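Report on one structure; see the data block that follows.
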Amino acid sequence: MKIFSLAFGLNLFVICAIAQTGPAGVGTSTNNSLWLKANAGTSTTTSGAAISTWSDASGNGNDVTQATAAQRPTYATNVMNGFPAVLFDNNTTAGQNDYMSGVDASNLDNTNGFTLFTVTRMNNLGDARSILAKRTNVGVNQAYMFFYYTSNYMYIDIESNDDRWSTTPTAFTTGTNYMLDLYYDGTSADPRSRVYSAGSLVKTGTESATSLIDYASPFLIGSTHIGDNRPFGGYMAEIIFYREALNDARRIIVNNYLSSKYNITLAANDFYLGDTPGNGDFDYDVAGIGQSGAGSSNAQFATSASAGMGITYKSGFDNGDYILAGHKLVTNSTISTDIAVVSGGPLTHRWERIWYIDVTNTSTSILGDVVFDMSDGGSTATPAVASNYKLLYRATNSGSWTIAATASSIAGDKITFTDFNFSGNAQDGYYTIGTINTGASPLPIELISFNAYPDGDKIDLAWTTAAEINNAYFTIERSKDGELWAEITKVTGAGNSNQQIDYFDVDYTPLKGTSYYRLKQTDFDGRFTYSQIVVVKNGEVSFNGDITPFPNPNDGNSFNLEFTGFSDEEVLLVVKDIQGKSYFSKMYVVSDHANVVAISLEQKLPAGAYLVVASTDDNLVSKRIIVNQ
């Protein structure tokens, strides 16, 4: 798997006017009070570097920080399913144990229910190792604490520590990725709290409190309270806090999102199979709608939750019905290849990003509105003429597309396919959006290639576009580490064009050694998108490492790559065609002198010749591969 966001309908529901923008399309900033994810919001993305700030992605500004350098956790790459995590040390010396804290916020307590989702991996266990706590001291202003403790059980404090309980007899071990949920509902009959592991109920706990008061206490990540030197000693990848007891459908959807992202197998209620290798590992930004029972549903997920596509329920939900969707591309663009359709075409372009949609339908046909948002999908285009836009479907990850629906309406940069029948049409499979008239009904600018080449004491920069819509200008950005970027030049775009255009510029003052370049395209209204990153080696190049792709030739879906001579370092791997167009880009941590990695490509490569390029700070090597159909 790979790396690189109620009640309504007929007599069962009432349509919610607020888009569900939270994790997995569940909730909004009103009830999603905290969302910490290691793949966004950390003050550094350099492996092994100390983190001073971890920003809250919920929109509530509940950031956690650490001002003391000796107590800062570190950033770790490629920990869970290719995603990073925050590493807290096992130092027990006072003033040196890693933790982060945030200021008191009334939306982190002052409630009659909450749901906490955590993704962790412990390196050490024993004693009190707290994931999340909100308290001043032991039993003082204590709203809750969720922590590993004696005999390696999880322990739970809610509203002080007078009703403390544990997950006994279920214990936890080091070196294992855990997805643990803590649920509390003060409005229900006791037992009011529960712990789930991988979506399965582990244990219920007795809790006398019917609500949490508004405590004047900080909240902490990785420590029981400020001044306590018991360390966490492990990794945290994601923490999500809702200030309400989520209904079962919403909890299940969030668990499917976390399971797909971190490759943690669900023990119950797995409704998304797009994250399996056989279906292509569509692990990113999984979001969904569904119904578990009366009053237990999630009726909509916003386009921002799944990087450009959203679904709103209209009718047909029965208990146990779910629709979940996820994709696999970090960046999106428009392509004019792989656009063959069974009938109703021809298409001129489609989005490169594809979603796998998994439909669980027990009885009644499910109708829903499918919405594509240009800006959330990374596009600068302004859509026009709804009838030119087509919802595309195919049952497998390659082959011709079926036009499943024609767009019903356009509002701003949103394109809506109304009342799509998920039962009567395609159901499970691969979906994206296409256009039959790029000029009248544009998708994003089509970038054919972007390349950077050493040329003596300068770097030549070249890129080619196949089409441009409202393109104001390009910006070339350069980086030493692939994280911090600086603008080095700006080039005026063509505005609107259906012809191939070649661009050229020069970096006359390049950095020595390895550096990275990317192309930023900005529209007339200020919206922008980025190309994939290209790597350049300026100056003396050492070829102490080597790569061997196999099988070669291959089928264009995947191949194995043996790294030789690379040791304990990050390697940027890029797959590009002979014209320089990049098809795949990902960072790998190679820890052995000989290491074989399975490369699962983000899209099937057309037949032809390609280059596989691996680069580090002191190494750059490429090999040719052949793709046969």
Side-chain angles (χ1 to χ4, degrees), residues 6-17 19-20 24-26 247-250 252-253 256-257 269-275 279 282 286-303 305-306 308-327 341-344 354-373 386-387 389-397 400-409 414-434:
L6 295 175
F8 74 97
L10 295 183
N11 58 345
L12 295 177
F13 305 101
V14 176
I15 291 179
C16 178
Q20 304 301 293
V26 171
N247 65 47
D248 285 346
R250 290 183 160 195
I252 287 168
I253 290 169
N256 275 265
Y257 153 73
N269 299 309
D270 187 349
F271 291 108
Y272 181 68
L273 298 182
D275 59 345
N279 286 330
F282 283 67
V286 172
I289 62 176
Q291 177 174 305
S292 178
S296 178
S297 67
N298 194 63
Q300 176 199 61
F301 67 85
T303 54
S306 195
M309 186 193 72
I311 298 175
T312 298
Y313 163 81
K314 299 296 284 295
S315 66
F317 265 170
D318 299 300
N319 293 344
D321 285 355
Y322 286 87
I323 300 175
L324 287 103
H327 67 92
V341 294
V342 175
S343 63
I354 299 169
W355 285 262
Y356 184 92
I357 296 183
D358 192 331
V359 181
T360 301
N361 180 37
T362 59
S363 181
T364 313
S365 295
I366 304 172
L367 300 184
D369 291 350
V370 181
V371 181
F372 291 88
D373 185 292
S387 60
Y389 293 103
K390 307 298 179 181
L391 179 62
L392 306 180
Y393 162 81
R394 61 189 180 196
T396 59
N397 204 4
S400 297
W401 295 90
T402 295
I403 294 179
T406 296
S408 310
S409 62
K414 287 182 169 59
I415 302 170
T416 298
F417 298 83
T418 302
D419 291 339
F420 182 70
N421 188 336
F422 283 97
S423 304
N425 285 276
Q427 291 218 18
D428 294 0
Y430 304 84
Y431 293 77
T432 191
I433 186 173

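No experiment lies behind these values; they were computed from the predicted model shown. For this chain, numbers begin at 1 and follow the sequence in order.
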Worksheet item: Short question: side chain of Ser423, backbone of Ile366 - any donor-acceptor pair under 3.5 Å?
Response: yes
Discussion item. Can you confirm whether or not the ring centre of Phe282 sits under 6.0 Å from the ring centre of Tyr272?
Written reply: no
Worksheet entry | Expected output: side-chain Asp419 to main-chain Leu367 donor-acceptor under 3.5 Å | no
Worksheet item: Do Thr312 and Gln300 get their side chains close enough for a donor-acceptor pair, meaning under 3.5 Å?
Response: yes
Practice prompt. Decide yes or no for Val341 and Lys390: does some side-chain heavy atom of the first lie under 4.5 Å from some side-chain heavy atom of the second?
Written response: no
Discussion item. Do Phe422 and Asn361 make a side-chain contact, defined as non-hydrogen atoms from C-beta onward lying under 4.5 Å apart?
Written reply: no
Discussion item. In terms of relative ring orientation, are Tyr356 and Tyr430 parallel, tilted or perpendicular, with 30° and 60° separating the classes?
Written reply: perpendicular
Practice prompt. Examine distances only and state if a side-chain atom of Thr418 and a backbone atom of Ser408 form a donor-acceptor pair shorter than 3.5 Å.
Written response: no
Discussion item. Any non-hydrogen side-chain atom of Ile433 less than 4.5 Å from a side-chain atom of Phe417?
Written reply: yes
Worksheet item: Checking Arg250 side chain against Ile253 main chain: does a donor-acceptor pair fall under 3.5 Å?
Response: no
Worksheet item: Are any non-hydrogen side-chain atoms of Trp401 and Thr432 less than 4.5 angstrom apart?
Response: yes
Worksheet item: Are any side-chain N or O atoms of Asp321 and backbone N or O atoms of Thr362, one a donor and one an acceptor, separated by less than 3.5 Å?
Response: yes
Item to complete: Report the relative orientation of the aromatic rings in Phe372 and Trp355; use parallel for angles under 30°, tilted for 30 to 60°, perpendicular for over 60°.
Response: perpendicular
Worksheet item: Going by atom types alone, do Asp369 and Thr416 pair a side-chain donor with an acceptor below 3.5 Å?
Response: no
Practice prompt. Output yes when a side-chain donor or acceptor of Asp358 lies under 3.5 Å from a complementary backbone atom of Gly274, and no otherwise.
Written response: no
Fill in: Main-chain N/O of Val359 paired to Asp428 side chain as donor or acceptor, under 3.5 Å
yes
Worksheet item: Does the Asn256 side chain pair with the main chain of Val286, one donor and one acceptor, at a distance under 3.5 Å?
Response: no
Worksheet entry | Any donor-acceptor N/O pair, Asn269 side chain to Ala249 backbone, under 3.5 Å | no
